[in-house]
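For reference, the structure is listed below as structure tokens.
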Amino acid sequence: MSVSIIGIGGGAGRIVNKMQVYELPDTELSVFGMNRKEMEELSLPHKYLIGADGLGSGKDRIHAESECLKILPSLEKILTDNFISCFIVCLGGGTGEGCIRTFLQKTIDMKIKVKLLVVTLPHSSEGLGKRENA
């Protein structure tokens, strides 16, 4: 494997899940999320639930950050032997914002050569509150 594409949070998970149809060579698709229901709806083989309760972050970045520290061994397995790591994060929910710094720091610690970060803002249809949270 040489590329890992990692979605963090519900919206990013759906984006990465849709990427499966392209059958990207030498690429592993993975998702980390806090909402068990959203994670179960994804067909990706590499899904990691952050936190024990599976109820989501509740838009609480600090809670998400503390919970994502516990899943770093799973992230490390994904990043091992990869040259490029691409993180996809949809802002506004809490999980992406809470975990991305910790995940990027892990790539630095592991000396991953190329890191790419793709960030999206919530669509206006998702509500003003979620957009303001982002």
Side-chain angles (χ1 to χ4, degrees):
M1 202 61 52
S2 60
V3 178
S4 57
I5 298 176
I6 301 165
I8 306 171
R14 289 187 292 280
I15 290 169
V16 174
N17 194 64
K18 289 180 181 181
M19 295 174 80
Q20 291 180 97
V21 298
Y22 299 107
E23 299 177 7
L24 301 168
D26 299 321
T27 302
E28 181 177 19
L29 304 175
S30 305
V31 175
F32 288 82
M34 295 186 76
N35 185 308
R36 180 176 278 113
K37 184 180 178 206
E38 286 180 349
M39 296 291 283
E40 289 172 352
E41 293 172 358
L42 304 176
S43 61
L44 286 166
H46 304 287
K47 302 183 285 190
Y48 302 90
L49 186 64
I50 301 169
D53 63 11
L55 299 176
S57 68
K59 297 181 184 169
D60 183 345
R61 296 176 186 149
I62 295 168
H63 171 65
E65 186 174 3
S66 68
E67 290 296 322
C68 80
L69 290 171
K70 300 172 189 173
I71 199 134
L72 283 179
S74 296
L75 178 66
E76 188 171 341
K77 287 179 189 175
I78 293 168
L79 296 176
T80 300
D81 298 327
N82 283 321
F83 177 73
I84 299 172
S85 293
C86 175
F87 293 95
I88 299 176
V89 181
C90 296
L91 299 179
T95 302
E97 295 96 324
C99 294
I100 191 57
R101 282 186 228 145
T102 302
F103 282 19
L104 286 173
Q105 184 60 52
K106 189 61 163 170
T107 65
I108 292 167
D109 296 345
M110 293 180 66
K111 298 181 179 16
I112 302 297
K113 292 179 176 40
V114 179
K115 297 163 268 311
L116 177 64
L117 177 60
V118 179
V119 181
T120 68
L121 291 172
H123 188 270
S124 59
S125 67
E126 294 181 81
L128 185 58
K130 193 166 185 178
R131 193 155 177 109
E132 287 176 354
N133 191 43

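Not measured: the values here are computed from a predicted model. Only this structure's heavy atoms are used, side chains among them; waters, hydrogens and symmetry mates stay out.
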*Compare all side-chain heavy atoms of L104 with those of I100 and state whether any distance is below 4.5 angstrom.*
yes

*Side chain to side chain, V3 and L24, heavy atoms closer than 4.5 Å*: no

*Min side-chain heavy-atom separation I88-I5 under 4.5 Å*: yes

_If I take atom CG from residue D60 and atom CD from residue E65, how far apart are they, to the nearest 0.5 angstrom?_
10.5 Å

*Same cluster for I50 and V89 if Ile/Leu/Val/Met/Phe/Trp/Tyr side chains link at under 4.5 Å?*
yes

*asked:* Using every non-hydrogen atom in the two residues, find where C68 and C99 come nearest and quote the distance to one decimal.
replied: CB-SG, 2.9 Å

*Are any of the side-chain heavy atoms of K37 and N35 separated by less than 4.5 Å?*
yes

*Interatomic distance, R61 atom CZ to R101 atom CZ [nearest 0.5 angstrom]*: 8.0 Å

*If two hydrophobic side chains count as joined below 4.5 Å and joins carry through other members, does M19 share a cluster with F32?*
no

_Distance, nearest 0.5 Å, that separates NZ of K113 from OG of S85_ = 11.5 Å

*asked:* Are the side chains of V118 and I15 in contact, using a 4.5 Å heavy-atom criterion?
replied: no

_Is it the case that over 12 heavy atoms from other parts of the model lie below 6.0 angstrom from the CD1 atom of I62?_
no

_Linked, directly or transitively: V31 and I71 (ILVMFWY side chains, under 4.5 Å)_ = no

*Would the number of heavy atoms belonging to other residues, nucleotides or ligands and lying under 6.0 Å from NZ of K115 be above 12?*
yes

_Test log, rule side chain to side chain contact (heavy atoms under 4.5 Å, CB included), inputs L79 and T107_ = CA-CA 7 Å; L79 296 176; T107 65; 3.8 Å; yes

_Taking every non-hydrogen atom, the tightest pair across Q20 and S43_ = NE2-OG, 2.9 Å

*So if you build clusters from Ile, Leu, Val, Met, Phe, Trp, Tyr with side-chain heavy-atom gaps below 4.5 Å, do L49 and L55 land together?*
no

*Side chain to side chain, S30 and V16, heavy atoms closer than 4.5 Å*: no

*After noting the C-alpha distance and the side-chain angles of L72 and F103, does the key distance pass the side chain to side chain contact (heavy atoms under 4.5 Å, CB included) rule?*
CA-CA 8 Å; L72 283 179; F103 282 19; 4.0 Å; yes

*Of all heavy-atom pairs between G13 and L42, which one has the smallest distance, and what is that distance?*
O-CD2, 3.8 Å

_So which atom in S57 and which in M34 form the shortest heavy-atom distance, rounded to 0.1 Å?_
CB-SD, 3.7 Å

_For a quick test of reading the model, state the closest non-hydrogen atom pair linking T95 to G33 and the distance between them._
CG2-CA, 4.4 Å

*Between OG of S4 and CD1 of I78, what distance do you get to the nearest 0.5 Å?*
7.0 Å

*asked:* Side chains of H46 and L29, heavy atoms from C-beta outward: is any pair under 4.5 Å?
replied: no

*Locate the shortest heavy-atom distance separating A64 from G98; write the atom from each residue and the value.*
CB-CA, 4.0 Å

*Any chance you could measure K111, atom NZ, to D109, atom CG, to the nearest 0.5 Å?*
8.0 Å

*Would you call L69 and T102 a side-chain contact if the rule is heavy atoms closer than 4.5 Å?*
yes

_Hydrophobic cluster membership, with links at side-chain heavy-atom distances under 4.5 Å among I/L/V/M/F/W/Y: are F87 and L91 in one?_
yes

*How long is the gap from CG on L116 to CD1 on I6, to the nearest 0.5 Å?*
11.5 Å

